[in-house]
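The structure under discussion appears below in the form of structure tokens.
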Amino acid sequence: MFHLRAAGVSLVLDTRGTASVLHWGPDLGDIDLSAPAFVPAVPPSSIDVPLRLSLLPSLAEGWSGRPAIENGHGFRTAEAHHQDQTLVVRSASPDATQEVVTELELTPQGVLRVRHRLTNRGDHEIVLPSLDVLLPIPAEASELLDFTGLWSHERSPQRAPLRHGIWSRESRHGRPGHDDAFLMVAGEPGFGFRRGRVWAVHLAWSGDKRIWAERSALGPSVLGAGELLAPGEIRLAPGGSYETPWLVAVFSGSGLDGLSDRLHPWIRATSPLSLPRPVVLNTWEAVYFHHDLTVLGQLADAAAEVGVERFVLDDGWFTGRRDDRRALGDWSVDDTVWPDGLHPLISRVHARGMEFGLWVEPEMISPDSRLARDHPDWILDGGAGPTWRWQRTLDLTRAYDHLLERLSALLSEYPIAFLKWDHNRDLLTPGVAHRQTRALYRLLAALKDAFPHVEIESCASGGARIDLGILPLVDRFWTSDTNDPLDRQSIQRWTGILVPPEYLGGHLGDGVAHVTGRTSALGFRLATALFGSAGIEWNLTRASPQEKADIAAWIAEHKRLRPLLHSGRVVRADSPDPAHLVHGVIAPDRAHAVFALVTLGTPAAALPPPIRFPGLDPDRSYTVRPIGVPPRTMQDAPPPWLAAGEVTLPGRFLSEVGLPAPLLTPEQALLLELA
Ligand code: DGJ
């Protein structure tokens with residue numbers, strides 16, 4: 001028996017017979033593991049011994065739910081040992097031809113990571129149908145939350161009761177996709193951001209996958225996930241191995257914020273970023289494909305004037321790329337548009353004190369490209385099947401050396417600090433997602449190795465590839481293609497359960513959002529883009545002097561606040577009115593915080609709910625004062641504390657009672673600083 005404990009979480013593993021997780025959840029303290037505390041009764045009409053959910057559950061042990069290996073045999077534990085906070089369990093199939101080594105690591109932050117490695121110890125090839133990780137959850141975890149979405153509308157939450165049966169989400173996009181389930185959360189009915197016990201899993205993988213919750217009349221409820229393997233995709237010769245992606249599993253005794261309380265510090269510790277995060281200007285919505293040195297030079301000047309630190313040249317710079325119908329694969333600078341290469345633009349960007357970044361989409365190929373004409377055999381589906389954004393996918397295992405050479409040449413010739421790495425279509429080729437994803441990871445790792453100073457952003461038509469498999473190899477996620485603040489409020493809120501704000505690109509867009517056509521006030525757009533890895537996606541040369549002054553002030557404020565925003569604890573209040581959101585970030589010592597009160601729509605009542613500030617130090621006094629562009633209101637008189645400009649109150653009061661909210665009109669945000 002093993003008992004791992006960290007940060008309020010316990011994991012109890014019984015390795016006698018067939019290894020089983022007996023408990024994953026709240027800390028059990030010092031418990032006598034020899035007591036028969038976890039052994040259930042034997043019900044009628046069932047196997048004649050108490051049912052145990054093993055690490056590799058199968059029919060052979062009486063488990064009739066989804067197994068860890070389709071058609072798998074009953075594995076027996078051969079050996080188990082303990083290395084610090086990691087348990088390593090070796091199991092073998094009855095005929096000893098298959099060996100599985102399972103690692104279970106409980107991190108200091110209380111995040112549980114589990115993965116299996118299966119090795120063929122026999123004399124014949126094995127075709128592996130699946131290998132998944134399953135964990136038990138208690139019966140009380142009977143309400144589910146996971147996510148779906150669309151282009152420009154990623155991570156849209158969906159909730160449902162967990163009934164008998166399987167709620168299983170599959171991604172067959174060759175990337176997680178805009179509709180990625182992202183997290184499978186099971187909790188006490190009615191759990192919220194700050195309340196309820198919840199258990200959640202995420203699969204750290206950027207290819208095809210499945211993630212599910214299952215409840216049955218016969219055994220414990222489970223959460224599970226694994227790579228979605230096509231028939232015959234994984235063939236193991238004698239001696240060959242397959243390793244699953246990590247399943248990242250998190251328990252919280254205090255709602256969804258409790259998940260972030262573990263995940264954010266763990267991600268920050270294991271995939272650290274270089275801080276401070278530079279303020280970006282990305283050229284996409286400013287100029288699209290209309291690349292012109294004069295225009296881009298003026299844009300760079302305008303960006304520098306307001307305080308931008310990194311200028312990113314998006315799609316349209318390479319040979320023949322005048323629109324989205326051609327040229328992907330031809331990764332050399334278009335000398336008809338850039339007769340002196342990118343040097344003049346980069347020099348101008350550097351002269352203005354900014355870094356230079358460049359967009360690429362290495363995994364793709366346009367049928368109308370030199371690469372496609374030279375190497376038609378590198379196209380994944382051989383040119384069959386529909387194009388998507390007029391493009392096809394490269395077989396990375398074939399094009400690997402070419403891509404490494406091309407990208408290395410660009411990074412060697414030009415002082416590039418940042419690559420925006422895009423991926424704008426589904427693979428739509430069966431049976432290749434595994435090798436494609438592994439090749440992508442290898443390519444990213446090779447580039448990171450050769451050019452350690454170059455940061456990489458994972459972008460996939462917006463946020464279709466945000467996962468913890470790719471995270472150790474990148475420095476930023478492009479959260480969504482929409483810069484419409486109304487949609488962004490929701491996308492950022494939900495993506496931020498898993499990913500800390502500084503990893504999530506959030507840009508200030510045009511007054512009329514390019515994706516939705518919705519008009520938004522500048523203050524709302526600025527407040528929405530303040531918290532993450534901030535940037536601008538707007539042709540600033542067309543902004544008015546007042547707009548530029550407001551943007552410059554916002555960037556200055558972001559620079560002042562980013563040490564807090566990018567290291568603090570993210571909190572979200574539960575609100576009785578879905579049109580009325582409160583979220584914030586609190587410094588680790590709780591001496592300083594920034595909150596936003598956001599109105600998404602028309603409030604449900606004449607008097608909105610008070611602004612409650614969760615997570616403050618109850619015994620500390622805070623002065624609350626508004627910052628940023630004042631929001632539009634529809635009140636005859638503001639609450640007196642706001643009219644006075646500030647108020648000082650104990651953290652206990654601010655968290656438990658809160659402050660009377662001003663009556664904001666729809667799509668407004670009030671920023672508040674507490675110190
Ligand atoms: C999709 C990305 O998400 C956008 O930001 C932009 O880079 C375009 N691709 C360029 O083609």
Side-chain angles (χ1 to χ4, degrees), residues 149-155 173-180 206 280-291 296 299 310-331 334 337 356-369 387-394 410 416 418-427 455-467 470 474-485 487-488 491-492 495 503-510 513-516 529 532-539:
L150 291 168
W151 173 72
S152 78
H153 201 58
E154 298 87 341
R155 280 159 290 287
H173 305 292
R175 57 180 183 175
H178 294 106
D179 62 347
D180 182 24
S206 314
V280 167
L281 182 133
N282 188 66
T283 62
W284 180 238
E285 289 196 353
V287 298
Y288 293 102
F289 291 105
H290 308 303
H291 285 201
L296 287 163
L299 188 58
R310 178 178 282 169
F311 185 90
V312 180
L313 184 65
D314 207 287
D315 196 354
W317 56 268
F318 48 99
T319 307
R321 185 70 164 176
R322 302 280 65 79
D323 57 26
D324 63 4
R325 299 207 166 194
R326 65 207 86 245
L328 288 170
D330 296 347
W331 300 116
D334 191 324
V337 180
F356 181 77
L358 192 65
W359 179 96
V360 289
E361 194 179 2
E363 295 148 88
M364 297 295 156
I365 181 164
S366 303
D368 182 4
S369 65
T387 51
W388 178 311
R389 207 193 188 204
W390 312 104
Q391 64 197 53
R392 297 191 181 279
T393 314
L394 274 174
L410 278 167
I416 294 170
F418 174 83
L419 286 179
K420 177 178 177 183
W421 186 297
D422 210 340
H423 183 285
N424 282 304
R425 64 162 283 168
D426 285 6
L427 255 52
E455 294 200 342
I456 299 178
E457 175 174 54
S458 170
C459 168
S461 318
R465 190 153 68 186
I466 300 184
D467 64 80
I470 204 167
V474 299
D475 306 272
R476 194 182 202 242
F477 290 119
W478 182 225
T479 319
S480 176
D481 265 357
T482 186
N483 297 308
D484 177 332
D487 290 337
R488 273 287 180 146
I491 295 167
Q492 290 171 190
T495 310
Y503 296 75
L504 295 173
H507 291 179
L508 167 71
D510 209 333
H514 287 205
V515 165
T516 60
S533 172
I536 299 175
E537 191 110 1
W538 182 11
N539 191 341

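In this text, all values refer to a predicted model and were calculated from it rather than measured experimentally. Note: hydrogens, waters and symmetry copies are ignored here, and every other heavy atom, side chains too, is used. Read the numbers this way: they start at 1 and go in the same order the structure lists the ligands and their atoms.
Ligand 1 is surrounded by W284, D314, D315, W359, R389, K420, D422, N424, C459, S461, G462, W478, D481, each with at least one heavy atom closer than 4.0 Å.
Using a cut-off of 4.0 Å between Lys/Arg side-chain N and Asp/Glu carboxylate O, R325 and D368 are scored as not salt-bridged. Comment: R175 does not engage E363 in a salt bridge, judged by the lack of any side-chain N to carboxylate O separation of less than 4.0 angstrom.
Here the CZ atom belonging to R488 is positioned 12.0 Å from the OG1 atom belonging to T516, to the nearest 0.5 angstrom.
H423 is linked by a ring pair (Phe, Tyr, Trp, His ring centres under 6.0 Å) to nothing, counting only residues two or more places apart in sequence or in another chain. Contacts of W538 classified as ring pair (Phe, Tyr, Trp, His ring centres under 6.0 Å), with partners at least two apart in sequence or in another chain: none. For F289, the ring pair (Phe, Tyr, Trp, His ring centres under 6.0 Å) partners at least two apart in sequence or on another chain are W284.
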